[in-house]
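Only heavy atoms go into these numbers, but all of them, side chains included; no hydrogens, no water, no symmetry mates. Positions are given from 1, in the same order as the sequence printed here.
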Amino acid sequence: MAQNHRGPPGGSARLRVHGPVLLRVHRPRADEARRVHRPRRRVDHRGDRHRHTRRGRYRGLAGQPFGRRPVLLACVVTYSLCSLLNAVVADPTGFLVLRFATAVGFQGMNVVTVVLLTELMPAPVRGRALAWAVACGGAGPVLMAWLGFLVVPRVDWGWRVLYVVGALALALFVVILRRLPESPRWLESVGDHERAEVTMRAIEEQIVRQGRPLPPIEAEPARPHVAADTGTGVLALIRAGYGRPFSVTSVIWTLGIVAYFGFNYWVSTLLALRGYDLEQTTLYTAIIVTAGVLGPLAATSFADRWQRKHILVGVGACLSVLALLSTLADSTVTTIALACLLSFGFQLAVPPTSTYASEVLPTRFRSTGVGWATSFARIANVVAAQVISALLLAFETDSVFYLVAALEAAFALAVGLFGIRTRELTLEDVSASEAATAPARADSPPPVSVGVPPADRPSTERA
């Protein structure tokens, strides 16, 4: 029988991995009196081109008091119900409003899922966990692409079928409600130590029922504890010493998202402009999207073997070269092959980019920082859409590939110069290293070294 190592009273346990599943967390005991800040948190969401300019900030404010799990459930319901209504609406204005709401729910699910998994998964498997999540989520666009190929060119109401299928996501509501816990890190960050303790005990008990022994508790290493104000906005983030990772994350997201959507959202148009008819365009688009879903699957094999920044530099450089080669394609086979490789590379970059962006900020600012970073990227993407339209009119399809090549080269350069190492580090260690490099504020007390036992400060879960 596996031993359930609990440790001494007032001690702590660490989130560990046993097999493929997360396990032990540095957690507060329910009866401990802790001094904590109670920040109003933001849970934000990734947007989707024109409909996503202000969405990250709006969803951040909405998710602030509720936590990761309730906001994820709300996004699932919003996406599913609005998608179903889109299938039957006849008024163009109503369709646009519902499409906007559908995009909010869909992209909200993406971002909240990334934040929640980042906070639940232990360091040794965090990259793979995110890669598998993206791979599973990528099956949806592939299904939609092939379903669109089968029905859209053949029947006038074929597009409505796609929205009905999208509404089936409502089944996730029950799965999340019954199987997915709230983030213990978030619970602790708002001072709800009792629920954090209950959540971790439930996870440990589930592992024990599976016949897996819980690993022994290890002492928490000392790290600098940097005092900060009680705010959770961008200004508080910068004052707390996280301006650099926030700026780097914003630049990375902006370059990556503009290049990603510059290709993926315009691929059908690019094919049509090269002379392919509607049926050929939908078929080739489905093939290209299918190739893309292999990217996250490939990322599962090395996401935790190499540093996130090194993976992103390599992928960005390869994508830049592939985009330049696409301007030389002179046959259907070459065109589709290069497009498939580009789709594969873009999707390959999604898991390490998402993981890195969530790792470099502490729990208190994680959703705020990622939300504002993605909001900046969406604003840039709206502008980029107009630029791409102008380029297509003035210089035809090759100009788009030149733009993508330049963006990916800048992406690789930014990550290489300013990215940090995060592999196999706990989230607390990553954020502590960033805070330690920031200049001290004149009105802040000097940092103090803290370790075990953390009797006079909030316990922080470790993963």
Side-chain angles (χ1 to χ4, degrees), residues 4-18 21-43 63-73 112-123 126 129 176-209 214-220 223 225 228 230 232 358-359 361-368 426-432 450-463:
N4 191 357
H5 300 283
R6 290 290 178 189
S12 57
R14 295 215 296 184
L15 185 63
R16 305 282 286 213
V17 63
H18 192 78
V21 202
L22 84 95
L23 279 244
R24 214 106 169 131
V25 171
H26 174 82
R27 64 186 189 279
R29 295 186 60 85
D31 55 347
E32 287 177 339
R34 306 271 188 194
R35 296 202 310 269
V36 298
H37 294 301
R38 296 178 179 270
R40 296 180 56 199
R41 302 192 51 77
R42 288 186 179 179
V43 176
Q64 205 72 298
F66 305 113
R68 319 302 196 203
R69 188 165 167 263
V71 174
L72 180 57
L73 290 170
V112 179
T113 299
V114 167
V115 171
L116 182 55
L117 286 180
T118 299
E119 293 177 348
L120 285 174
M121 292 295 109
R126 191 181 301 129
I176 295 170
L177 195 62
R178 298 186 60 180
R179 305 292 296 177
L180 190 64
E182 178 58 272
S183 165
R185 276 191 168 90
W186 182 84
L187 290 171
E188 188 177 28
S189 73
V190 296
D192 197 344
H193 300 299
E194 184 174 354
R195 282 185 62 196
E197 172 74 7
V198 169
T199 300
M200 285 316 306
R201 287 184 183 276
I203 294 174
E204 291 175 336
E205 289 168 2
Q206 180 182 0
I207 300 306
V208 170
R209 284 197 299 270
L214 295 176
I217 299 170
E218 297 178 8
E220 179 186 3
R223 64 167 66 93
H225 178 60
T230 58
T232 58
S358 295
E359 287 176 323
L361 294 169
T363 300
R364 176 183 162 199
F365 297 115
R366 185 165 294 116
S367 55
T368 298
T426 69
L427 299 181
E428 289 70 33
D429 287 338
V430 174
S431 59
V450 293
V452 176
D456 61 343
R457 65 183 181 91
S459 169
T460 304
E461 298 176 44
R462 297 177 50 80

Checklist entry - When you measure from the side chain of Arg185 to the backbone N and O of Ala196, does any donor-acceptor pair fall under 3.5 Å? => result no
All heavy atoms of Leu187 vs all of Thr199, minimum pair found to be CD1-OG1, 3.7 Å
Hits for side-chain contact (heavy atoms from CB on, under 4.5 Å) against Thr113, two or more places apart or cross-chain, chain-then-number order -> Leu72, Leu117
request  = Show the numbers, then the answer: is there a side-chain contact (heavy atoms from CB on, under 4.5 Å) between Leu361 and Thr368?
outcome  = CA-CA 9 Å; Leu361 294 169; Thr368 298; over 6 Å; no
On a heavy-atom basis, the closest approach of Pro181 and Arg69 is C-CD, 3.8 Å
side-chain contact (heavy atoms from CB on, under 4.5 Å) filter on Arg209, not counting sequence neighbours, yields Glu205, Gln206
Interatomic distance, CZ@Arg126 vs CG@Leu120, rounded to 0.5 Å, equals 11.0 Å
Taken to the nearest 0.5 Å, the spacing of Arg366 CZ from Ser183 OG works out to 7.5 Å
Distance col, row Met121:CE vs Ser358:OG, nearest 0.5 angstrom, shows 13.0 Å
Arg195 meets the salt bridge (Lys or Arg N to Asp or Glu O under 4.0 Å) criterion, sequence neighbours left out, with Asp192
Check: So, Arg68 side chain and Glu182 main chain: donor-acceptor pair closer than 3.5 Å or not?
Finding: no
